[in-house]
Number of protein chains: 2
Amino acid sequence: MTATERTGADPLAACRISPAVDLLFSRWTTPILWTLSQSGPVRFVELERRLGATGKVLTQRLRQLERDGLVQRHYYAEVPPRAEYEITELGRSLSPVFAALAEWTDEHLPAVEQARDSYTGPLPR
Amino acid sequence: MTATERTGADPLAACRISPAVDLLFSRWTTPILWTLSQSGPVRFVELERRLGATGKVLTQRLRQLERDGLVQRHYYAEVPPRAEYEITELGRSLSPVFAALAEWTDEHLPAVEQARDSYTGPLPR
DNA sequence: CAGAATCCACTGTGATACTG
DNA sequence: CAGTATCACAGTGGATTCTG
């Protein structure tokens with residue numbers, strides 16, 4: 001039994017952006033979407049190289065993003081084969097979100113690092 | 001050896017918002033920050049109830065957020081004891097990010113769900 | 001090159017029980 | 001009430017190998 005079932009809590013009522021967060025900020029999804037939103041179509045191996053992700057997880061995430069309509073796959077049955085991934089219009093609609101995050105990073109991330117350094121309580125690092 | 005070390009890829013160069021994403025969108029952090037940014041100080045047990053999280057994980061995340069300066073803890077050594085958590089100024093600086101996410105959710109999440117429903121390729125659901 | 005398939009190690013998560 | 005401690009489990013990610 002999950003904690004939610006036990007307590008009868010409603011996570012969605014508590015935080016309405018959680019579904020989007022699960023979608024957009026799971027492992028590897030952000031770097032993929034960010035990279036594709038910055039450049040044109042990118043080959044599979046090139047994504048692998050730039051992000052430092054292994055083929056397996058990259059494939060998993062790309063399939064998921066394709067299913068969700070955020071990324072489009074173009075396959076060319078050449079020899080050797082070529083697969084290019086491109087962001088969709090729906091994917092581009094994330095620009096304001098990413099822009100807000102990038103600005104927050106520039107403005108406030110240093111303050112976080114400073115707070116972390118001067119923190120003395122429990123919890124290592 | 002990690003994939004990054006193997007390939008010599010630089011994740012930060014590939015995606016400059018990743019550090020902020022790790023900070024803000026790890027499990028439970030978003031609901032915590034969202035909840036605290038919407039109301040005043042909230043008691044520990046009340047957070048537990050609203051989010052449906054168990055005490056253990058909640059404590060872990062709250063300590064981390066406190067260390068990073070996003071949340072402040074107020075402890076009252078009464079009987080029974082009381083602990084209240086409140087968002088900090090730094091935490092409040094996230095408002096534009098959350099607002100952008102909430103707007104994207106309203107505008108585009110339905111399109112994602114539609115794409116998912118009409119998706120026929122591999123990958124279940 | 002693109003990716004599927006296997007195996008494995010690790011971590012996060014949660015349930016539970018306990019303390020002040 | 002507000003945690004801490006312990007244990008067990010599942011899911012994820014990664015390394016490796018193989019195919020068209």
**Q** Think A/Arg27 has a side-chain N or O under 4.0 angstrom from the OP1 or OP2 of D/dG11?
**A** no

**Q** Quick one: do A/Arg49 and A/Glu46 make a salt bridge, cutoff under 4.0 Å?
**A** yes

**Q** Check this one for me: any side-chain N or O of B/Arg61 less than 4.0 Å away from OP1 or OP2 of C/dG12?
**A** no

**Q** Output yes when at least one side-chain N/O atom of A/Arg73 is less than 4.0 Å from OP1 or OP2 of C/dA2, else no.
**A** no

**Q** For B/Glu84 and D/dC1, what is the distance between atoms CD and P respectively, to the nearest whole Å?
**A** 14 Å

**Q** Looking at C/dC1, I'd like to know if its phosphate oxygens (OP1 or OP2) sit under 4.0 Å from a side-chain N or O belonging to A/Arg43.
**A** no

**Q** Indicate, with a heavy-atom threshold strictly under 4.0 Å, whether A/Tyr85 touches base, sugar-phosphate, or nothing.
**A** sugar-phosphate

**Q** When the nearest nucleotide of DNA chain C is assigned to B/Val57 and to A/Phe44 on a heavy-atom basis, which residue is associated with the more 5' position?
**A** A/Phe44

**Q** Of A/Pro81 and B/Thr59, whose nearest nucleotide on DNA chain D comes first from the 5' end?
**A** B/Thr59

**Q** Between B/Arg67 and A/Asp117 (salt bridge meaning N to carboxylate O under 4.0 Å), is one present in this structure?
**A** no

**Q** Just the rounded figure in Å: distance from P of D/dC1 to CG of B/Leu47.
**A** 14 Å

**Q** Select from A/Lys56 and A/Pro80 the residue whose nearest nucleotide in DNA chain C is closer to the 5' end of that strand.
**A** A/Pro80

**Q** Is a side-chain donor or acceptor of A/Ser39 paired with a backbone partner of A/Leu36 at a separation under 3.5 angstrom?
**A** no

